[in-house]
Participant: 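Here it is: the structure, laid out below.
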Amino acid sequence: MSKLNKEIADIFFKMADALEIIGENQFKIIAYRKAARVISDIPEDLRKIYKEGKLKDIPGIGEGISKKIQEYIETGSIKKAEEVFSKIPEGIIPLLSVPSLGPRTIAVAYQKLGVKNLKDLKKVLKDGSLAKLPGMGQKKVDNIIKGIELWQKGKERFLLGEIYPVVEDIIQELRGHKKIMDAVPAGSYRRMKETVGDVDILVATKETKKAIDVFCSLKGVERVLAQGETKGSCIFEGDIQVDLRALPPESFGSALQYFTGSKAHNVHLRGIAKQKGLKISEYGVFKKDKKIAGETEEEVYKSIGLIWIPPEMREDTGEIELALEGKLPDLVDYDDLKGDLHVHSKYSDGSATLEELAIQGRKMGYEYIAVCDHSQGAKYAGGLDLDELKKKMDEIKKVNAKRTGCYLIMGAEVDILPDGSLDYPDEILKEIDFVVASVHTGFKKDNTERILKALENPYVHGLSHPTGRLLGQREGYTLDIEAVIDKVVQENKLIELNAYYERLDLYDVYLRRAKEKGAKFYIGTDAHHTGQLWMIKLGIGMARRGWLEKKDVINTMGYKQVLKFLKSQK
DNA sequence: GCCGTTTTCGGCCCGACTGTTTTCAGTCG
């Protein structure tokens, strides 16, 4: 997302929050949130769209908001927004995310008790003054106090890759139980979002209470928070909260659809249902009082005239319109990949030998793994000098000749130097079967020119972790991503979808953009030991979020075909 | 504030639960 888009989206998000506290019309608030979300999802700079006079073509942006965008582009601020923000203190807006505390209560606390921030709020909770106000009471106050504790403890979301193995284990265990007919994770986890708040799992069962009891006594459970008839909630190792909902099979599909979200996707679906005189809830699709669907997700979608939409696409960014026409993309699937195209070995900073990688690759059902170790300048990561490079080439030939594992492809992750040249001379690059280039230094500067130049090198196949982001640690480096994508396409190069759990780079918004522009992709885990190769699943999830199809991802080719393809690129 | 095969005005997504009440407002997912 461009810097401008982010600034404007942030203002609209904040406006929605502020208007909520002020008590503005609910639908106006929804409109601002929708506009903010849509803007966050647009890869092109709003300035460009504005100049083309096409702001109002963006769904969710009409007369009022387009004028405000124009005002921001021309003057750097929005009068209406400043006016709204001046009405309420800065410190109370974040309080909206405290569980059990909503905009109405915040407004009352501000107006009647002068609460301006978290500190003030804690005071009026403690001294009993909030409890005395009409409509309030001790129980409400207690819940808010608990809410604040929860909020302060668990502000950050988990990275998908941190919780993925834990959740997969839970799912396997639940599925193994005879009273449980099916167990499926829902929510942002199922949509494969790169960060996840808490995890919702749904089970289909005729004995809901029993299923909840099974869940609450799983081996990984550290603490049981709630254990009722249809819902259970536990803290698992690593402070991961998992909620379980047990449902009868006849409403499993509608519940799964409902709890998978996203919220925006569901709101849109309900609008369509309503137009048709139908009603969707977690219990099913209803025509008047008659239930017409609910057992499977497929029939829920079908009942309102859509084909089933893969969970990773359910963000209301155009997938519903396509599903109405029956024209969804045929997404790359979790078992489509024939190999991993970015792995490190002991030669640089990985821990596995070449043979170990080959053997593990075969176990995973791969035809090949590309071993892309660091280049000579990357001293911090044990980059290979020219002698080591030669040695590695020989060893790869030997391992491949033995056929004990999958094939290894001789690769290198070559540093892009500050001037845009590469960290091996061309006559060496020429000998390497798969050359990916990446930036590992100089994050503060604008890296566009440097990357564009590197992409002109005839021996480079692809660009690795293009934005350089590290989730929860740093934003990507400054980069004109549109220019980079254009260059990749123009030079017939590949873009990496780096599946390492902290990277997931490129990510959904830009993947879609790059696909639209005709780019091709490879997926690599950037694994540094064999225990990280499973992360390919995170990469495929992200690919699906970016609407990539099998034909867009070269890892779907077999060994010979992929080698041929790489040769054809030079 | 957005939007349009019942509409340029009058709609805009649904149900459960909780806590405060005695018919409902607020919060959540």
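All values below were derived from every heavy atom in this structure, side-chain atoms included, with hydrogens, water molecules and symmetry-related copies excluded. Quick note on labels: first sequence line is chain A, next is B, and so on, each numbered from 1. Worth saying up front: this structure is predicted, and the values here are computed from it rather than measured.
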Participant: So what does A:Arg33 touch, heavy atoms closer than 4.0 Å: a base, only the sugar-phosphate, or nothing?
Facilitator: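 Result for A:Arg33 = nothing.
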
Participant: Between A:Asn266 and A:Gln257, do the side chains contain an N or O donor and an N or O acceptor separated by less than 3.5 Å?
Facilitator: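 Short answer, yes.
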
Participant: Nearest to the side chain of A:Arg270, which nucleotide is it out of B:dT27, B:dC14, B:dC2?
Facilitator: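 Nucleotide nearest to A:Arg270's side chain: B:dC14.
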
Participant: Under 4.0 Å between any heavy atoms, over every strand shown, what does A:Glu63 touch: base, sugar-phosphate, or nothing? Just pick one.
Facilitator: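 A:Glu63: backbone/sugar contact only, no base atoms under 4.0 Å.
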
Participant: Ignoring hydrogens and angles, answer whether the base of B:dG29 and the side-chain atoms of A:Tyr258 contain a donor-acceptor pair closer than 3.5 Å.
Facilitator: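 By the distance-only test, yes, there is a pair.
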
Participant: Is a donor from one side chain sitting under 3.5 angstrom from an acceptor on the other, for A:Ser251 and A:Glu282?
Facilitator: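 No donor-acceptor contact under 3.5 Å links the two side chains.
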
Participant: Tell me the interatomic distance from A:Lys276, atom NZ, to B:dT5, atom P, rounded to whole angstroms.
Facilitator: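 Roughly 13 Å, once rounded to whole Å.
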
Participant: What's the gap between B:dG11 and B:dA16 when it is taken at their C1' atoms, as a whole Å value?
Facilitator: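 Going atom to atom, C1' in each nucleotide, I get 25 Å.
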
Participant: What integer distance in Å separates A:Lys274:NZ from B:dG11:P?
Facilitator: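 Roughly 10 Å, once rounded to whole Å.
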
Participant: NA contact type, A:Asn266, heavy-atom cut-off 4.0 Å: base, sugar-phosphate, or nothing?
Facilitator: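 No contact at all - A:Asn266 keeps every heavy atom at 4.0 Å or more from the nucleic acid.
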
Participant: Kindly assign one of parallel, tilted or perpendicular to the pair A:Tyr189 and A:Tyr164, based on the angle between their ring planes and the thresholds 30° and 60°.
Facilitator: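 A:Tyr189 and A:Tyr164: parallel rings.
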
Participant: Whole Å only: how far is the CD1 atom of A:Ile39 from the P atom of B:dC2?
Facilitator: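 Taking atom P of B:dC2 as the reference, CD1 of A:Ile39 is at 10 Å.
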
